[in-house]
Amino acid sequence: MEGGSGSNSVPPSATFDKSRVLDVKPLRSLVPVFPSSPQAPPFVCAPPSGPFPSGFSPFYPFNGPQPTPPDLNQHTHTPAPLRSFRAPQSNGKMATDGNADGSTGAPTKRPVGRPRSSSASQKKAKKDLVFTLAVVDNNFVLGITPAQREDGDTEVVNNVRMRFDALRRRLSQLEDAKESPNGWIRRADLKAANIMMSKGLRTNLRKRVGVVPGVEVGDIFFFRMEMCLVGLHSQTMAGIDYMIVRADIEEDPLAVSIVSSGGYEDEAEDRDVLIYSGQGGNVNSNKKEAADQKLERGNLALERSLHRNNEVRVIRGMKDAISPTAKVYVYDGLYRIQESWVEKGKSGCNIFKYKLVRLPGQPGAFDVWKSIQQWREGFSSRIGLILPDLTSGTEGIPVSLVNDVDKEKGPAYFTYFASVKYVKSFKLTEPSCGCNCHNACAPGDLNCSCIRKNGGDFPYTANGVLVSRRPLVHECGPTCPCIPNCKNRVTQTGLKVRLEVFKTKDRGWGLRSWDPIRAGTFICEYAGEVIEKVKARQDGEGEDDDYVFDTTRVYEPFKWNCEPGLVEGDGNDTTEEYSIPSPLIISAKNVGNVARFMNHSCNPNVFWQPVAYEQNSESYVHIAFFAMKHIPPMTELTYDYGTSRSDEVDGNDSLHGKKKCLCGSPRCRGCFG
DNA sequence: GTATATTCACATCA
DNA sequence: CTGATGTGAATATA
């Protein structure tokens, strides 16, 4: 696609007229064109290991017995190369990669360029190895070793975070449906963290000053408990976390991290400076009067850290636009306390104040948020802005086109269209009709046929987050009588996050978001024209169609759902294997939406999920993209393009038809496509 | 070892 | 749309 392959395989940009991008003609209609055809689906696939009768499931090449979870110690304790280059274990040394966007697919790393073996047997051996690694990398492991519980790394932290949110989403789903086996779950976040902690599913339990291995500057969190579980800040409510350090005979409390969340009269006078108030003295729920703060606990720890010149981790909490009560926490990296003083607060009582200054050379975090805020409010102009909205109003919210890297004025011409265009219809085996709900479809209501199609579970939580991956998500369609903002219409109501198409350093155009994105959030669908097959690549002749989404490709398996057994009495174990009526190939070469700009990564932060809804008594499958994990603003969005099945079958070992991967992930497979 | 105090949560309801 | 309120849970300290 444009980003991933465009810069590498498309001939020099002189071949197209860059000015034409300004002529993008949007099709206003969101209703796809469906010439009704009684024909059977033309996309007959001959999978190598078929047959696939009704449930066609070509996506996992390794369908055999699932391997037992490998010994975690052997793999996750692999030393340096697997560690994030941004979060070394060392205590004070700051990683300085100069990459300001905080992305995981660090473009500063060069492609691996792994040599490909030539013999078939070697290839098989390599594939097995890749598979084993993939299981460790992508699947939840059953347990976390005692060593990992004390000191984490990127993988363990990622694992804990993914499992926490999967569990939290599942608990929210149960709560929404009032199906909780043990009564009411009022706080899914607390419940999920409680379960995680009781099972030892946590990391970085050992408190430390400075860098927390596996947690990167710019990482975002949506609950305080998430930060507890990965050892970034282990106080559930308190703003100052500290540890006792022995110095000679004396015991000294030292601050390790603070959360600035708006509860006190803090000031953010500068992006790199924070005036932080000490704790205590507040009017609290026990009807205590306001009082002078005392030099004890956190306040004492901050004072000691000032004198010792220690680093303190700073987490900035702010309002999440998604709802007025919701908060999002940004890890803003290491600060040092410059001075402290006492002043009178609004209540007239003494408050300790600490001036913290951010250490230089750290990746952008809070300052990125501030910049975005200014672009949004129009106080500062976006450097490199080419078009304020490349969709020309087709989408409900604008998608800006930005290049602050070079002189290229935009991607090649295409027609912006927000959905997928079927030429011929799919037919589901069973006749399809919508539900009979006349208000909003309610979770737990088994009278709703759309919910029944989803196995009785409502696929989304109350705030529209996908709970789990499923063979096929069924949404309410245009003919369902339920209200248009029924919670079971997530992927058909247009973009919700503020996206930006931008020029990457070395991978063509890419996609990223101004908004922070929660795991499970719908990002966009893959729009384009449904085609019968991908044009064969003939060297030197014809045009490559790099803008293709193809369900028949081979995709790395990964586990995203909450594992069964974590929730007491919950046997829920949905398969994550996709199952759609017939293969689907979508070309976005001439017609498409923002999804055509999403690049490939072997360590992606976005995944695709087939979603069906019914139109004119026929069910149409759409490819919807969801966030795999929480994604900080301005981080490039990537998904796994998979590998072409035909190349696997004919044993072609060259890079023929494949692209060299530039994702920079430690587990990069070397190529894709 | 257990109990209690502390706490810049969070969701809900008025 | 705020603010009050209720339930909540890990950690430090007694």
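All heavy atoms count here, side chains included; hydrogens, waters and symmetry mates do not. Letters A, B, ... are given to chains in the order of the sequence lines, protein chains preceding strands, and every chain is numbered from 1.
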J.: Here's a test of your reading of the structure: between Thr325(A) and Ser261(A), which maps to the more 5' nucleotide of DNA chain B?
T.: Ser261(A)
J.: Round to a whole Å and report the spacing from CG of Leu300(A) to P of dA12(C).
T.: 15 Å
J.: How many whole angstroms separate atom CD of Glu226(A) from atom C1' of dC10(B)?
T.: 13 Å
J.: Looking at Asp219(A) and Lys629(A), is there a salt bridge between them, counting it only when a charged N and a carboxylate O are closer than 4.0 Å?
T.: no
J.: Under 4.0 Å, counting only non-hydrogen atoms across every strand here, what does Tyr329(A) touch: a base, just sugar-phosphate, or nothing?
T.: sugar-phosphate
J.: Checking Ala192(A) now: which residues fulfil side-chain contact (heavy atoms from CB on, under 4.5 Å) with it, not counting sequence neighbours?
T.: Phe164(A), Leu167(A), Arg168(A), Leu171(A)
J.: Met243(A) or Met225(A): which one's nearest nucleotide on DNA chain C is closer to the 5' end?
T.: Met225(A)
J.: Nearest whole angstrom, please: distance from the P of dA9(B) to the CZ of Phe221(A).
T.: 14 Å
J.: Classify the nucleic acid contact of Gly280(A) as base, sugar-phosphate or nothing, counting any heavy atom under 4.0 Å across all strands shown.
T.: sugar-phosphate
J.: Does the side chain of Arg376(A) come under 3.5 Å of the side chain of Gln373(A) through a donor N or O and an acceptor N or O?
T.: no
J.: Using whole Å, what does the distance between atom P of nucleotide dA10(C) and atom CZ of Arg297(A) come to?
T.: 18 Å
J.: Under 4.0 angstrom, heavy atoms only, what part of the nucleic acid is Asp189(A) near: base, sugar-phosphate, or nothing?
T.: sugar-phosphate
J.: Give Ser234(A) one of three labels, base, sugar-phosphate or nothing, depending on what nucleic acid heavy atoms sit under 4.0 Å from its own.
T.: sugar-phosphate
J.: Tell me which pairs pass salt bridge (Lys or Arg N to Asp or Glu O under 4.0 Å) where either residue lies in residues 333-344 of chain A, with sequence neighbours left out.
T.: Glu343(A)-Lys353(A)
J.: Quick one: Tyr276(A) OH to dT7(B) C1', roughly how many Å, whole number?
T.: 10 Å
J.: At under 4.0 Å, does any side-chain N or O of Arg224(A) touch on OP1 or OP2 of dA9(B)?
T.: yes
J.: From NZ of Lys319(A) over to P of dG3(C), roughly how many Å is that when rounded to an integer?
T.: 9 Å
J.: Ignoring hydrogens and angles, does a donor from either the side chain of Arg187(A) or the base of dA9(C) sit under 3.5 Å from an acceptor on the other?
T.: no
J.: May I ask you to say whether Arg208(A) pairs ionically with Asp151(A), meaning some side-chain N is under 4.0 Å from a carboxylate O?
T.: yes
J.: Could you grab the distance from atom CE of Met237(A) to atom SG of Cys228(A), nearest 0.5 Å is fine?
T.: 11.0 Å
J.: Show me the dot-bracket string of DNA chain B, counting Watson-Crick or G-U pairs under 3.5 Å, with | for pairs to another strand and [ ] for crossing ones.
T.: .||||||.||||||
J.: Measuring to OP1 and OP2 of dC8(B), would you say a side-chain N or O of Tyr354(A) lies under 4.0 angstrom away?
T.: no
J.: Give a yes/no on whether any side-chain N or O of Lys207(A) is located under 4.0 angstrom from OP1 or OP2 of dA10(C).
T.: no
J.: Assign each of Cys228(A) and Ile244(A) to its nearest nucleotide of DNA chain C by heavy atoms, then name whichever residue's nucleotide is nearer the 5' end.
T.: Cys228(A)
J.: Please determine, by modelled atom types, if Trp560(A) and Glu576(A) share a side-chain donor-acceptor pair under 3.5 angstrom.
T.: no
J.: On the nucleotide dA9(B), are OP1 or OP2 found under 4.0 Å from the side-chain N or O atoms that Lys327(A) carries?
T.: yes
